[in-house]
Every structure is written in C-alpha cells, then in structure tokens.
Amino acid sequence: MTILAIDTSCDETAVAVTKARRIISNELFSQIETHRKWGGVVPNLAKRAHEERIDGVVESALKKAKKSMENIDAIAVTYGPGLAIALGVGITKAQELAKKYKKKLIPVNHMEGHIYSCFAQDEHEQPTKDFEFPYLVLLVSGGHTELVLFTDHITYEILGQKLDDAAGEALDKGARLILENDIYPGGPMLEKMARGGSATYIDFPRPMSHSSELNFSFSGLKTSLLYALKKISKEEREAHKNDIAASYQEAVFDSLCIKLKQAIVKTGVKKLLVAGGVAANQTLRDKIKNLVEKQKGSVLFPTFKSLYGDNAAMIGIAGYFRSEKGLFAKNIETVDRVPRASLDDLEVF
Ligand code: KG4
Ligand code: ZN
C-alpha cells in the first residue's frame, strides 16, 4: 500500500509518500516567514500560501519518491483538527487527485498522525520497533496538549487535555513577553534563551499540580510571567533573560511531567509516547526520560527530527493503519474539514 499523504492543517504545506511505516519522501513548504511578522499564524494568509504551493509540493514529493500517481494506491489527508480554511486546501486537493486518478481516500486526524510519528521508519525499515499496546501518549503542540491512552491501532481514549492555552502556545506567548516582540514561533527561541540559565531564578507556579484531574492549564502561568516581568527593572530583565526563560520553561515542562506521572500511576501504563512540536525541546525530552527511568518505564519520541513538527509522513503512516482497518472514505465528496476534531470521535466520512 503506497500512500500519498497531504497535511495543510496549519502553516506547513506538507506532502509525503509512505509505504506502511516507511517514509519514501516527506516534503514541506514552511510558511513561517509569512507569519513571523504577525506574531502568529494568520488564517487567510495561510490559506493563500497553501493554495500557491500545494501543487508544487505534491509534485516534489512524487519526484523525490520516484513515483507517479499511477504508483499510488490511496491518498491520505488531514481532516482536522486545524485551521478551517487551511485544512480545506489539502482536502480539496486530495479529493481532486482521488477522483482524477480513481484512488481511495483516507481521512486522518492530525493528532493521530503525531502519535504514529513515533513509529516511522526510513526507506530501509530502520529503526524497527514493534507496537506493544497499550501506550500512554503525551501530545504537545502549538494548539494541543493531551494525554491519551492508545490501546490499539486507531483506538484512543483521551485522559486529559488543555483547559485554556496549549503548552506550545504558553511557550510562544512567554517568549513574546520576555523578548517584548512578536517573535513566532517562540518555543525554539525560548529553548535557546534558556540554555545556561537558572531554572530557579523565578519560582513560577505549577498549575493544576494539586488536582487529580489530568487536564492542563497554562494561561495562569503566562499571567505570573507578566507580573514577574512588571516587578523587575529593564536592566534586570536584560541581564537575566536566560534565567527568566529557563524558569518559565521549567514551570511549563514541570507541569507536563507532573500530569504525566499522575497518568502513569492512574493507568499503570509505563510505555510512553511523546510527540508534537514541543517534544523537539531537548530539556523536555531529558526531563521525561528521567521520569520514565524512575518509573521503570520506556518512552518513544518521533523517530526522526523532521517528524516533531507538522509533516505529512505521519499522516501517511496513520493512514496506512486506518486502511488496514478498512477505514477509507465511503464517499469522497463528503469528506470535509473538522477544525475541532477530537481523537475519541474519529471521522470516517
Ligand atoms: O506540532 P507543531 O509543529 O504544530 C502544531 O500542530 O501546533 O507544534 C508547534 C509548536 C509551537 O508552539 C512551537 O513553539 C513549538 O511547537 N516548538 C517548540 C520547539 N520547536 C517547536 N517548543 C519548544 N522547544 C522547541 N525546540
Ligand atoms: Zn501538529
């Protein structure tokens, strides 16, 4: 089963060719430069950029894979969650290709793509790690923070989720407050700033840590940062930027780890998967590895660096496991965007 996969859920125009768990090609046009000056993703600019780039990215994914549409067995496309008008561009392209070349269409949830990114292989099937269900999954991206029980292929139970800002959003907003500009995305910048800084310079709260619920809340933390910055002089802020960044980042990551530990205790599941853009952060990965070691568990992160952020290879791999269950769209025409799609309410169309 060779799959052409498309993801236009946010600010990357992504197309890949995959075969089961193997990535044959994984192409991407990033719109970061378009959105940077606005301090975040502007939906109508994203839509236009997707429309301008999608044909070129499809072409280059096929070319890199040395395939033509005739060699493709099915098309996988993200139906949600994501920005409505951005999702629409990928879905329309997938429908057009499916009709023109008479291919089956597999609608995929973007977050299940992030989960399957932990099982991706290269063209030569490396690395190989078999599925050993159940897994406890922490999804950390710009729009989502979720704890999920992954009990079997394409079967998820949400244990907890964000009540306000997502972890990535908290990092993005924090970086903007510390740097006093509209930097986007702030997560990688905060990681750089925090390097060598003291994580105990400011004692930020660990939101939700006393609650037995597995939900996350980060908006209060952002307010704490705002107050902390107001209290100090310009000179102190300048001199201690890395300490402030390290303390704030630590509070976000500690909050994630506290819930992760609670979830391990609650479920007894010690095999972890951690995915999404924020998992690219080395400090977070080290903290999680530490936690897992203490709990005598194990953790998998996305197999390759290119799979932390948004990409289409992860959609192709999740699409393959959907196809194994016969979850093809029954009617290509009715496949539609679901901006608030949830993992425990999977669409098939
Ligand atoms: O999964 P992703 O690429 O897109 C969404 O589906 O949201 O996640 C993007 C998020 C942004 O908030 C970005 O700041 C964050 O991931 N991010 C990072 C790092 N790289 C990306 N956060 C912390 N450290 C990083 N190195
Ligand atoms: Zn994502």
Side-chain angles (χ1 to χ4, degrees), residues 5-14 16 26 28-32 35-36 39-41 43 46 78-83 86-87 90 108-118 137-146 148 161-162 165-179 182-195 197 216 218 221-222 245-246 248-257 273-288 301-302 304-315 317-318 339-343:
I6 301 176
D7 183 290
T8 60
S9 59
C10 190
D11 59 347
E12 324 270 5
T13 313
N26 191 18
L28 193 98
F29 176 78
S30 168
Q31 305 174 2
I32 280 186
H35 303 291
R36 201 189 290 282
V41 180
T78 301
Y79 65 84
L83 289 174
L87 288 164
V108 174
N109 179 297
H110 180 80
M111 301 315 288
E112 73 183 332
H114 276 299
I115 296 177
Y116 275 97
S117 69
C118 298
V137 190
L138 175 67
L139 290 170
V140 272
S141 70
H144 292 263
T145 306
E146 273 171 341
V148 178
Q161 55 196 318
K162 60 164 191 160
D165 293 350
E169 211 175 342
L171 297 172
D172 291 341
K173 288 178 176 172
R176 285 209 290 271
L177 288 174
I178 297 169
L179 288 168
D182 277 346
I183 179 98
Y184 174 81
M189 181 59 85
L190 204 64
E191 177 172 30
K192 254 186 241 153
M193 249 195 297
R195 223 165 267 155
F216 302 90
F218 291 109
L221 192 55
K222 179 191 62 194
Y248 181 76
Q249 188 181 262
E250 185 71 9
V252 173
F253 294 167
D254 246 3
S255 306
L256 292 173
C257 287
L273 306 175
V274 180
V278 181
N281 189 295
Q282 184 70 50
T283 309
L284 175 63
R285 289 209 304 277
D286 289 345
K287 275 183 85 77
I288 291 172
F301 297 101
F304 309 110
K305 266 220 157 86
S306 55
L307 301 180
Y308 282 102
D310 289 345
N311 65 88
M314 67 185 196
I315 302 303
I317 296 166
R340 292 178 167 275
S342 170
L343 269 178

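These numbers come from the heavy atoms of this one structure, side chains and all, not from hydrogens, waters or symmetry mates. These numbers were taken from a predicted model, which means no experiment stands behind them. Counting convention: from 1, in listed order, for ligands and their atoms alike.
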Identity and separation of the nearest protein heavy atom to atom 9 (C) of ligand 1: G142 N, 3.6 Å

For ligand 1, which is the ligand I care about here, please tell me if F253 has any N or O atom under 3.5 Å from one of the ligand's N or O atoms. no

Just jot down the ligand 1 atoms closer than 4.0 angstrom to any heavy atom of P185, in number order. 13 (C), 14 (O)

Closest non-hydrogen atom pair, C10 against D310: CB-OD2, 4.0 Å

Can a salt bridge be assigned to the pair K287 and E250 using a cut-off of 4.0 Å between side-chain N and carboxylate O? yes

Give a yes or no on whether H144 keeps an N, O or S atom under 2.8 Å from the Zn ion (ligand 2). no

To the nearest 10 degrees, could you say what angle the Zn ion (ligand 2) makes with OD1 of D310 and NE2 of H114? 100°

In ligand 1, which numbered atoms sit nearer than 4.0 Å to a non-hydrogen atom of V278? 15 (C), 16 (O), 18 (C), 22 (N)

Could you check whether any side-chain N or O of K222 sits under 3.5 Å from a backbone N or O of D165, counting only pairs where one atom can act as donor and the other as acceptor? no

For ligand 1, which atoms have a heavy atom of E191 less than 4.0 angstrom away? 24 (N), 25 (C), 26 (N)

Proximal atoms of ligand 1 relative to G309 (non-hydrogen, under 4.0 Å): 3 (O)

Test item: S141 side-chain N/O and G276 main-chain N/O as donor-acceptor pair under 3.5 Å: no

G168 N/O to ligand 1 N/O under 3.5 Å: yes

Under 4.0 angstrom from ligand 1, any heavy atom of P188? yes

How close do M189 and I183 get, heavy atom to heavy atom, and via which atoms? CE-CD1, 3.4 Å

Here the atoms of ligand 1 under 4.0 Å from any heavy atom belonging to L171 are 22 (N), 23 (C)

So is H144 in contact with ligand 1, going by heavy-atom distances below 4.0 Å? no

Which heavy-atom pair separates M193 from A245 by the least distance, and what is that distance? CB-CB, 3.8 Å

Show me which atoms of ligand 1 lie under 4.0 Å from any heavy atom of G143. 7 (O)

Taking Y248 for the side chain and A170 for the main chain, is one N or O donor matched with an acceptor at less than 3.5 Å? yes

Using a 3.5 Å distance criterion without hydrogens, assess whether the side chain of E191 forms a donor-acceptor pair with backbone atoms of Q282. yes

For the side chain of D172 and the backbone of G187, is there at least one donor-acceptor N/O pair under 3.5 Å apart? yes

Within 4.0 Å of some non-hydrogen atom of H110, the atoms of ligand 1 are 6 (O)

If you take all heavy atoms of S9 and T78, which pair is closest and at what distance? CB-CG2, 4.1 Å

N, O or S atom within H110 nearest to the Zn ion (ligand 2), by name: NE2

Proximity of D310 to ligand 1 by residue part, where a heavy atom lies under 4.0 Å: both

All heavy atoms of N311 vs all of A313, minimum pair found to be OD1-N, 3.1 Å

Examine G277 against ligand 1 and note whether any of their N/O atoms are separated by less than 3.5 Å. yes

In the protein, which heavy atom is nearest to atom 24 (N) of ligand 1, and how far is it? N281 ND2, 3.1 Å

Heavy-atom closest contact (Q249 atom, A194 atom, distance): NE2-CB, 3.8 Å

Using distance alone, determine whether G187 and ligand 1 share an N or O pair under 3.5 Å. yes

Per-atom filter on ligand 1: closer than 4.0 angstrom to a heavy atom of D172 are 11 (C), 12 (O), 13 (C), 14 (O)

Should the pair F216 and F218 be assigned to parallel (<30°), tilted (30 to 60°) or perpendicular (>60°) ring geometry? parallel

Just heavy atoms, cut-off under 4.0 Å: does E12 contact ligand 1 by side chain, backbone, both, or neither? neither

